[in-house]
Amino acid sequence: MVVHDSGELLAAAAAARLITALVDAQAAHGVASVVLTGGRTGIGVLEQVRRSPARDAVNWSDVDVYWGDERFLPDGDPERNETQAREALLDHVAVNPERVHPMAPSDGKFGADADAAAAHYAEVLATKAAPATDIAVPRFDVLLLGVGEEGHTASLFPDTPYVKEAERTVVGVHDCPKPPPTRISLTLPAIRAASEVWLMTTGAAKAEPVAAALAGAKPVDIPAAGARGRDRTLWLLDATAATQLPTGS
């Protein structure tokens with residue numbers, strides 16, 4: 001866990017970490033893969049990557065880009081995580097369009113059927129998975145997540161069937177307590193397949209769920225508590241989000 005004085009510092013520091021992680025992954029594997037998130041902090045990190053002098057240390061044409069969740073809205077809608085990520089970073093670097101894998105919009109070939117769109121995204125992930133993997137997703141080097149005021153992460157909300165999903169890698173999420181009500185999300189098993197999971201959040205309203213998650217809350221109660229990486233789980237907080245943590249933690 002790393003606590004920064006402000007959300008701005010958190011975003012800048014996380015951007016530096018992400019650039020380094022992608023460079024290291026490319027050195028090790030030839031390519032790198034990242035799973036993006038939305039929200040103020042998630043998009044703020046991408047903006048900081050764009051502005052970084054070290055940005056082009058990454059070979060962006062050899063980065064696979066996925067999303068952890070998406071608002072099921074029309075293509076190009078300003079509230080879609082994909083739209084915001086493209087404006088913040090992806091439209092400014094030399095990504096290979098064939099390596100960018102957005103979740104389907106609500107006006108795409110699946111129409112308003114979020115479950116069909118989620119099943120298709122699961123198929124996309126499965127086609128990129130290594131043959132010997134124990135879960136049908138690609139190698140995710142870094143998976144970025146936010147944390148909501150009630151402890152949700154990706155679009156997995158407390159005490160819903162989606163946070164309890166144990167078989168599927170991607171689900172259509174309905175009746176979300178926050179707008180928009182329909183979304184697509186990776187499940188906890190898919191998230192846990194990532195090498196590194198970074199949970200990034202800011203603000204006093206997040207202090208209680210952050211403390212609960214780090215104290216070992218059940219994922220059904222605090223979904224962020226169930227988001228863990230295979231090799232590393234990193235919490236990146238601003239000072240206000242860390243106010244309910246035990247002293248010295």
Side-chain angles (χ1 to χ4, degrees), residues 1-22 24-25 32-52 54-55 58 63 65-71 81-82 84-85 87-90 140-157 178 183 185-186 188 190-215 217 219 222-245 249:
M1 178 184 61
V2 180
V3 178
H4 296 282
D5 287 342
S6 68
E8 292 76 13
L9 282 174
L10 188 160
R17 286 181 183 273
L18 182 58
I19 290 169
T20 299
L22 295 177
D24 288 349
S33 59
V34 62
V35 181
L36 302 181
T37 189
R40 181 176 59 185
T41 301
I43 299 303
V45 170
L46 300 186
E47 291 172 343
Q48 289 290 340
V49 170
R50 184 186 79 227
R51 297 169 184 163
S52 172
R55 179 187 78 181
V58 178
V63 176
V65 180
Y66 302 92
W67 273 264
D69 74 320
E70 184 57 274
R71 296 164 173 140
N81 293 337
E82 177 198 357
Q84 295 178 15
E87 291 176 351
L89 175 63
L90 300 180
F140 297 144
D141 293 307
V142 179
L143 189 150
L144 304 175
L145 292 171
V147 180
E149 294 176 5
E150 70 296 276
H152 86 267
T153 196
S155 283
L156 304 175
F157 288 82
K178 297 179 68 174
R183 305 181 181 200
S185 182
L186 298 190
L188 286 178
I191 289 170
R192 291 171 183 155
S195 175
E196 296 196 9
V197 170
W198 299 2
L199 296 112
M200 310 177 297
T201 197
T202 65
K206 313 296 181 59
E208 185 174 344
V210 165
L214 289 170
I222 304 289
R228 300 185 297 271
R230 284 181 181 266
D231 302 316
R232 188 187 194 195
T233 306
L234 179 62
W235 285 78
L236 299 170
L237 312 172
D238 78 344
T240 57
T243 54
Q244 294 193 29
L245 297 177
S249 62

For the residue pair Q84 and R71, establish whether any side-chain heavy-atom pair is separated by less than 4.5 Å. yes
Around atom CZ of R51, are there more than 12 heavy atoms of other residues, nucleotides or ligands at under 6.0 Å? yes
Yes or no on side-chain contact (heavy atoms from CB on, under 4.5 Å) for E70 and R183, after CA distance, side-chain angles and deciding distance? CA-CA 6 Å; E70 184 57 274; R183 305 181 181 200; over 6 Å; no
How far apart are the closest heavy atoms of A213 and A224, and which atoms are they? CB-C, 4.4 Å
Please report the shortest heavy-atom distance between I222 and P209, naming the atom on each side. CG2-O, 3.9 Å
Where the side chain of R192 meets the backbone of V197, is there a donor-acceptor pair that is under 3.5 Å apart? no
Would you confirm whether D238, through its side chain, and L10, through its main-chain N or O, come within 3.5 Å as a donor-acceptor pair? no
Do L236 and R17 touch side chain to side chain, with heavy atoms closer than 4.5 Å? yes
Looking at every heavy atom in both A25 and A32, which two are closest together, and how far apart are they? CB-CB, 3.7 Å
Residue pair A14 / W198: nearest heavy atoms and the distance that separates them: O-CZ3, 3.8 Å
What distance separates T233 OG1 from I191 CD1, expressed to the nearest 0.5 Å? 11.0 Å
CG/D5: more than 12 non-hydrogen atoms of other groups inside 6.0 Å: no
Please check if the side chain of R50 supplies one atom and the backbone of A88 the other of a donor-acceptor pair under 3.5 Å. yes
Taking R55 for its side chain and V49 for its backbone only, find out whether a donor-acceptor pair lies under 3.5 Å. no
Quick check: closest heavy atoms across G39 and N81, and the distance to 0.1 Å? N-OD1, 4.3 Å
Donor-acceptor check, side chain of T20 to backbone of A16, threshold 3.5 angstrom: yes or no? yes
Report yes if the side chains of W235 and V147 come closer than 4.5 Å at any heavy-atom pair, otherwise no. yes
Where the side chain of T201 meets the backbone of G146, is there a donor-acceptor pair that is under 3.5 Å apart? no
Do other residues, nucleotides or ligands put more than 12 heavy atoms under 6.0 Å from E150 CD? yes
D141/E196 under side-chain contact (heavy atoms from CB on, under 4.5 Å): CA gap, chis, key distance, verdict: CA-CA 6 Å; D141 293 307; E196 296 196 9; over 6 Å; no
Between the CD atom in E208 and the OG1 atom in T243, the distance rounded to the nearest 0.5 Å is 10.0 Å
Validation row: L36, L89 side chains within 4.5 angstrom (heavy atoms): no
Closest approach of T153 to A227 (non-hydrogen atoms, all atoms of both residues): CG2-CB, 4.3 Å
